[in-house]
2 protein chains.
Amino acid sequence: MSRSTVSRAFTRPDLLKPETVEKVLAKAQTLGYVPNKVARALSTGQNGVIALIVPDIANPFFPPLIRAAQVDADRQDFCVLLGDSAENPAQESRLITRFTPQVDGLVLAASRLDDAALAEHARRRPVVLINRDVPGMPRVLTDSHTGFMQAIAHLAELGHEHLAYVGGPPGAWSDHQRRRGIAAARTDHGMTLTTFQAEPATYDGGKATVEAILASGATAVLAYDDVVAHGVLAGLTEHGVRVPEDMSVVGCDDVFAATTYPPLTTISLRCAEAGEIAVSVLLDLVAGRSVGDVRHSLDSHLIVRATTGPVPRA
Amino acid sequence: MSRSTVSRAFTRPDLLKPETVEKVLAKAQTLGYVPNKVARALSTGQNGVIALIVPDIANPFFPPLIRAAQVDADRQDFCVLLGDSAENPAQESRLITRFTPQVDGLVLAASRLDDAALAEHARRRPVVLINRDVPGMPRVLTDSHTGFMQAIAHLAELGHEHLAYVGGPPGAWSDHQRRRGIAAARTDHGMTLTTFQAEPATYDGGKATVEAILASGATAVLAYDDVVAHGVLAGLTEHGVRVPEDMSVVGCDDVFAATTYPPLTTISLRCAEAGEIAVSVLLDLVAGRSVGDVRHSLDSHLIVRATTGPVPRA
DNA sequence: CTGTTAGCGCCTTCAT
DNA sequence: ATGAAGGCGCTAACAG
């Protein structure tokens, strides 16, 4: 049996007698034979590999996204090359350049690169953005807007009048988006808003803002994400402030909010779906199946758990 | 000028007259020529890629490990192909087979495969195991033994006499290891031990064991990992049991124990280091730099935070 | 030092 | 429906 037949059994089974195909596949199974993608890539120009670059693998927002991306890519017979940019634009650019020759396309999550650099890289290979809104580039966004609207309505109902927002990484699309959404919603409800900055946007950064929050007189805090929210919770507790009796706290992401104690009221973002969709769009692009200005916006919603309550009586 | 000369100008410039090298590089520059890594890989068999397969990317134990592995690989100019086996041996085997032709080696974390299958795969490419102890195969282990010894001594000192262990995935090396260590240590301290099973080894699984734990009369629970521990905490709270006043809880992994509230007393495993070391060993193997029966055991230690306290008075 | 000759493993025309 | 032949771009022998 010639190599051509084997090759066809894998790539164009329709050109072969079904029983032949089956025979080849069976034999391959027992032999543990798998077509070599590298060799195939050389001849077709398609490597069957995509890259996924995130700012920080260990940030709990990303693992579900990464997993979904990997699973979805695998389903379409693609592998994923993972890169961690350490929140560093230079490192991110270096990784992209390094990956580009050996992948068919890239997914860039929460890219720290500027629009021009992004466009430049996108000229060499198809690129799909996650949580970065650059017109003209395919992008999927976990939109926190609805969730924050609901959170603020929820807090308004509980009688809160003064909110604090603890912001995340300056320049991040997701932080901008939250700031804008919150500003709009609190106006609708005639609430006061004071904003702070978790520096860095981590547990410790969140914790460090607590003193300032307390001084501001806010009775409810909206955090950039669940990690920051937990930092705030810890800081509050250290200051003897009870949650939710004395202060309400709302997180964002819903990545581990449910699996910690106390259960955090938070905004659920569809982060896994974002990974999945980004991969689907990218593979459509790679296969030349898609066109147009793709802008996938995934909505969010508030999940009330145990860290929000009525405003304390002054 | 022949292709060989050009090739050498990039890979073995020391074999060429310096001016020739310079001439080639200059021409390449103006032509925008870059050596094709894929083609090179096909001919050399060195792709500059390694695979990392984990049972569940979103299990908080793995992201730090994955990140460390990626960073270390990158430092040595390797890329990492990530795979999620979904805790499924068949899926794991499929991924390995699929990745094998296009990588120079693999790191298998917490593999669910049996020894024979592992050995079989290792014959095709260098393989390094994490948290799987197969004699003859290079392996790095996050050894929880010391940590559990310390935890049990700590609990003994607090007056506890009856322990509960909430076990993890049956068959997992890490669960065996914990069971053995705990069994030995509790004997040393003359304590009673009752074991339970978190089914599955998740937050919900941990929560579901609480009723049985309460019925057993244990006053302190050791959990398979931090996720299960948090499930136990939540279940305890739902039953009106206070921690640590009425019940002490110890987790394991120290992956997000510090960034939640209340801070969990837990056993700190060096999981990031495990990823880093595994990659180093693998790349040594790939480069033919290493030999012998590598068995890297990384010790652990107890970190006392806020979920352990004196035994309640009967 | 540099050119020549074979492949790496696969896919894709051609033939048959 | 299958086999045969050439080439993807590069590197590793082996000459010279």
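Residue numbers begin at 1 in each chain, while the letters A, B, ... track the order of the sequences.
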Visitor: Looking at side-chain heavy atoms only, is the closest gap between B/Val107 and B/Ile53 below 4.5 Å?
Guide: no
Visitor: Here's a test of your reading of the structure: between A/Ser43 and B/Phe10, which maps to the more 5' nucleotide of DNA chain D?
Guide: A/Ser43
Visitor: Whether B/Asp293 and B/Arg139 form a salt bridge (side-chain N of Lys/Arg under 4.0 Å from carboxylate O of Asp/Glu) is what I want to check.
Guide: yes
Visitor: How is A/Tyr33 classified with respect to the nucleic acid when contacts are heavy atoms under 4.0 Å: base, sugar-phosphate, or nothing?
Guide: sugar-phosphate
Visitor: If the cut-off is 4.0 Å, is A/Ser4 near the phosphate of C/dC10, judged by side-chain N/O to OP1 or OP2?
Guide: no
Visitor: Under 4.0 Å between a side-chain N/O of A/Arg3 and OP1 or OP2 of C/dC10, yes or no?
Guide: no
Visitor: Regarding A/Arg8, tell me which of base, sugar-phosphate or nothing describes its non-hydrogen contacts under 4.0 Å with the strands shown.
Guide: base
Visitor: What contact category does B/Pro35 fall into here, base, sugar-phosphate, or nothing, at under 4.0 angstrom with non-hydrogen atoms?
Guide: sugar-phosphate
Visitor: Quickly work out the A/Arg12 CZ to D/dA1 P distance and round it to whole Å.
Guide: 12 Å
Visitor: What is the distance, to the nearest angstrom, from the CG atom on B/Leu42 to the C1' atom on D/dC10?
Guide: 8 Å
Visitor: Using only heavy-atom distances, decide whether a donor-acceptor pair under 3.5 angstrom links the side-chain of B/Thr44 to the base of D/dA12.
Guide: no
Visitor: Using a cut-off of strictly less than 4.0 Å, decide whether A/Thr20 has a side-chain nitrogen or oxygen near OP1 or OP2 of D/dT2.
Guide: yes
Visitor: Does C/dG3 have its OP1 or OP2 closer than 4.0 Å to a side-chain nitrogen or oxygen of B/Thr5?
Guide: yes
Visitor: Rounded to whole angstroms, how far apart are CD on B/Gln102 and P on C/dC10?
Guide: 12 Å
Visitor: What I want to find out is whether A/Asp77 reaches A/Lys37 closely enough, with some N-O distance under 4.0 Å, to be called a salt bridge.
Guide: yes
Visitor: Is there a side-chain contact between A/Leu129 and A/Pro138 in this structure, where contact means two heavy atoms from C-beta onward sitting under 4.5 Å apart?
Guide: no
Visitor: Rounded to the nearest angstrom, tell me the gap between atom CZ in A/Arg40 and atom C1' in D/dG7.
Guide: 17 Å
